Amino acid sequence: MKKTALLFLVFSSAISLKAQDKIYNLIIGTYTNNCDSKGIYVYDFSTDFGDFALKNSTENIKNPSYLTVSSDSKNIYSVNENGENSTISAFSYNSKSGKIDLLNQQNSYGADPCFIIADEKNIIVANYSGGNISVFGIEKNGEAGNLKQLIQHEGNSLNKERQEKAHVHQVVFSPDKKYIVVNDLGVDKIFVYKYNPTSTDKILEQKSIIETKPGSGPRHLTFSNDGKFVYVLGELDGNISSYKYSNGNLRKMEETTLLPKDFKGKIGAADIHISPNGKFLYATNRGDANTISTFAINKKGGLNIVNHSSTKGKSPRNFVIDPTGKFLLVANQDSNNVVIFRIDPQTGKLVDTGKRIEVCSPVCLVFGKQ
């Protein structure tokens with residue numbers, strides 16, 4: 001009886017949501033080891049009111065801790081983070097119903113993949129523990145093809161526990177898709193690769209290497225909306241490094257911090273994004289902080305701190321801003337919830353809506369069209 005009532009509630013919520021004007025798909029990737037998770041979840045999300053309703057989910061997909069949606073919204077590609085047994089998965093995806101079906105899996109060719117991107121030709125994966133980048137083709141039916149290229153990073157840095165070897169943490173397309181920019185937390189470097197999408201074996205060719213602050217641990221980066229600046233978040237020191245960007249070249253401008261002046265404790269900076277209007281930058285800090293910091297972006301591309309806010313949960317690993325810029329959603333991995341904030345359009349400050357999506361170990365949030 002309870003199950004029937006729950007299904008009716010979800011169905012009723014979906015009907016009311018679809019009556020609204022602006023509904024997007026919210027896709028959530030999770031860890032499946034420590035609690036009851038089916039893997040990937042798809043929700044309707046209203047950008048009018050911040051309401052949501054579950055549409056669909058996968059079944060028995062192991063640790064899809066990062067994912068991406070194809071440009072035509074017909075496929076989802078995810079990592080399956082599982083040590084030396086890690087894989088990547090390709091799914092067919094019906095954006096209307098939210099239905100996700102597994103097409104195939106491939107060996108990731110590197111332990112613990114943590115980031116994945118794709119275009120019409122290739123899937124590119126950052127393997128954290130493997131310290132490498134793997135590139136796969138895409139078949140006509142959307143399946144993940146065979147490995148086309150494997151690039152191994154080498155080296156280490158100051159932090160003996162976290163930087164004992166290379167740890168590739170992110171792969172990002174440049175705005176013009178001519179380059180792939182790669183953060184390596186383990187060696188304190190940013191790698192820029194020329195992107196040759198139609199090549200058979202040299203899809204990525206190294207263009208340059210940018211040394212970051214020793215011990216900073218570059219984790220995630222984001223491009224400004226006009227593509228002129230890059231902001232790199234250091235996981236280990238909680239700093240944001242700002243760079244001018246042009247044609248695959250990065251020139252450092254300044255450095256700022258996520259940390260309040262009186263902060264004492266463990267640092268675990270995680271994710272960084274810019275609002276759709278280009279005015280504000282946000283970054284999360286896990287560790288002992290569990291905060292998200294708001295910065296105003298000035299005309300020269302510099303950052304001015306606005307405030308620090310609690311994420312209302314533990315371990316804010318990932319967050320996303322809805323396409324309209326009204327809401328910011330934080331995935332709190334260790335408190336098993338996604339917290340929904342409204343963004344003040346004038347100040348950029350976050351206001352807690354009180355709304356929560358309760359889901360096991362959420363670690364990746366992606367918005368997509370219906």
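Residues: numbered from 1 along the sequence shown. The model shown is predicted, which means the values in this text are computed figures rather than measured ones. Excluded from the calculations below are hydrogen atoms, water molecules and symmetry mates; all remaining heavy atoms, backbone and side chain alike, are included.
- The backbone N or O of Arg317 sits nowhere less than 3.5 Å from a side-chain atom of Gln333 that would complete a donor-acceptor pair.
- Side-chain contact, Asn183 with His169: no donor N or O sits under 3.5 Å from an acceptor N or O.
- Atom OG1 of Thr294 and atom CG of Leu350 lie 4.5 Å apart (nearest 0.5 Å).
- Within the 4.5 Å cutoff, the side chain of Ile100 has no heavy atoms near those of the Ile61 side chain.
- Between the side chains of Asn132 and Gln152, at least one donor-acceptor pair of N or O atoms lies under 3.5 Å.
- Heavy-atom minimum distance, Pro316 versus Val330: CB-CG1, 3.6 Å.
- Remark: Lys326 NZ to Ile343 CD1 distance equals 11.5 Å, nearest 0.5 Å.
- The stretch residues 265-312 participates, sequence neighbours left out, in these ring pair (Phe, Tyr, Trp, His ring centres under 6.0 Å) pairs: His273-Phe319.
- Of all the heavy atoms in Pro214 and Leu158, the pair that sits closest is CB-CD1, 3.5 Å.
- Between Phe263 and Ala289, the shortest heavy-atom distance links the atoms CE1-CB, 3.7 Å.
- Of the inter-residue distances, the one linking Leu204 atom CG with Asn196 atom CG reads 8.0 Å to the nearest 0.5 angstrom.
- Smallest separation of non-hydrogen atoms from Ala111 and Glu84: CB-OE2, 3.8 Å.
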Under the salt bridge (charged side-chain N to carboxylate O under 4.0 Å, His left out) criterion, do Lys55 and Asp44 qualify, and how do the steps go? CA-CA 6 Å; Lys55 291 176 74 169; Asp44 275 326; 3.4 Å; yes
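- At most 12 non-hydrogen atoms from other residues, nucleotides or ligands lie less than 6.0 angstrom from NZ of Lys349.
- Distance alone, capped at 3.5 Å, places no donor-acceptor pair between the Lys279 side chain and the Gln346 backbone.
- Using a 4.5 Å cut-off on side-chain heavy atoms (C-beta onward), Thr353 and Phe327 make contact.
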Trace of the side-chain hydrogen bond (donor to acceptor under 3.5 Å, both in side chains) decision for Ser89 with Gln105: CA-CA 4 Å; Ser89 294; Gln105 292 184 323; 2.8 Å; yes
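- Residues Gly234 and Ala269 approach most closely at O-CB, 3.4 Å, considering heavy atoms.
- Put simply, the side chain of Ser361 reaches to within 4.5 Å of the side chain of Asn336, judged on heavy atoms.
- Counting heavy-atom neighbours within 6.0 Å of Lys121 NZ, excluding the residue itself, gives a total of 12 or less.
- The aromatic ring centroids of Phe115 and Tyr66 lie less than 6.0 Å from each other.
- Using modelled atom types and a 3.5 Å distance limit, the side chains of Thr30 and Ser37 yield a donor-acceptor pair.
- Residue Thr87 is tested with Asn63, Asn80, Asn107 for a side-chain hydrogen bond (donor to acceptor under 3.5 Å, both in side chains); the sole match is Asn80.
- No more than 12 heavy-atom neighbours from other residues, nucleotides or ligands sit within 6.0 angstrom of CG on Asn34.
- Side chain of Glu81 to main chain of Ser86: no donor-acceptor pair is present (N/O by atom type, distance under 3.5 Å, no hydrogens or angles).
- At least one donor-acceptor pair closer than 3.5 Å links the side chain of Tyr231 to the backbone N or O of Gly301.
- Side-chain N or O atoms of Asn122 include one that pairs as donor or acceptor with a backbone N or O of Pro197 at under 3.5 Å.
- Val181 and Phe173 are not part of a single hydrophobic cluster, where members link through side-chain heavy atoms under 4.5 Å apart.
- Atom CG of Asn298 is surrounded by more than 12 heavy atoms from other residues, nucleotides or ligands within 6.0 Å.
- The shortest side-chain heavy-atom distance between Ile210 and Tyr243 falls under the 4.5 Å cut-off.
- The distance from the CD atom of Gln170 to the CG atom of Asp184 is 12.0 Å, given to the nearest 0.5 Å.
- Val135 and Val171 fall within a single hydrophobic cluster, where Ile, Leu, Val, Met, Phe, Trp and Tyr are joined by side-chain heavy atoms under 4.5 Å apart, directly or via other members.
- Atom CG of Asn75 and atom OG1 of Thr68 lie 11.0 Å apart (nearest 0.5 Å).
- Judged purely by distance below 3.5 Å, without hydrogens or angles, the side chains of Asn25 and Ser95 never pair a donor atom with an acceptor atom.
- Ile274 approaches Asn225 most closely through the heavy-atom pair CG2-OD1, 3.6 Å.
- Counting heavy atoms from C-beta on, the side chains of Ile123 and Val125 come closer than 4.5 Å.
- Contact of the Ile297 side chain with the Phe229 side chain is not registered, since no non-hydrogen atoms from C-beta on lie closer than 4.5 Å.
- Side-chain contact check for Leu303 versus Ser242: some heavy-atom pair is nearer than 4.5 Å.
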Stepwise side-chain hydrogen bond (donor to acceptor under 3.5 Å, both in side chains) test for Ser275 and Asn277: CA-CA 5 Å; Ser275 59; Asn277 63 13; 2.6 Å; yes
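- Linking ILVMFWY residues whenever their side-chain heavy atoms come closer than 4.5 Å, directly or via other members, places Val168 and Ile180 in the same cluster.
- Proximity of a side-chain donor or acceptor of Asn332 to a complementary backbone N or O of Ser335 within less than 3.5 Å is not detected.
- In this structure, the separation between NZ on Lys244 and NZ on Lys252 is 15.0 Å, given to the nearest 0.5 Å.
- Within the 3.5 Å criterion, the main-chain N or O of Asp48 finds a donor-acceptor partner in the side chain of Ser46.
- Ring orientation note: the planes of His167 and Tyr128 are close to parallel, at an angle under 30° on the 30°/60° scale.
- Residue pairs meeting the ring pair (Phe, Tyr, Trp, His ring centres under 6.0 Å) criterion with at least one member in residues 335-363: none, sequence neighbours excluded.
- No path of Ile, Leu, Val, Met, Phe, Trp and Tyr side chains, each step under 4.5 Å between heavy atoms, connects Tyr179 with Ile203, placing them in separate hydrophobic clusters.
- One N or O on the side chain of Tyr245 and one on the backbone of Gly248 form a donor-acceptor pair closer than 3.5 Å.
- Looking at Asn285, its side chain does come within 3.5 Å of a backbone N or O of Gly268 through a donor-acceptor pair.
- Applying the 6.0 Å contact sphere to NZ of Lys38 captures no more than 12 heavy atoms from other residues, nucleotides or ligands.
- Residues Val359 and Val338 are in side-chain contact: their nearest non-hydrogen atoms beyond the backbone lie under 4.5 Å apart.
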Given the rule in the side-chain hydrogen bond (donor to acceptor under 3.5 Å, both in side chains) test, do Asn249 and Ser208 qualify, once you have shown the distances and angles that lead to the verdict? CA-CA 8 Å; Asn249 298 304; Ser208 62; 5.1 Å; no
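- Defined by atom type and a distance below 3.5 Å, a donor-acceptor pair is present between the side-chain atoms of Lys62 and Asn33.
- Grouping the Ile, Leu, Val, Met, Phe, Trp and Tyr side chains by contacts below 4.5 angstrom, directly or via other members, places Val320 apart from Phe223.
- Among pairs with a residue in residues 83-111, none fulfils ring pair (Phe, Tyr, Trp, His ring centres under 6.0 Å), at least two apart in sequence or across chains.
- Asn318 contributes no side-chain N or O that, together with a main-chain N or O of Asp271, makes up a donor-acceptor pair within less than 3.5 Å.
- When only modelled atom types and interatomic distance are considered, Thr324 and Asp322 share a side-chain donor-acceptor pair under 3.5 Å.
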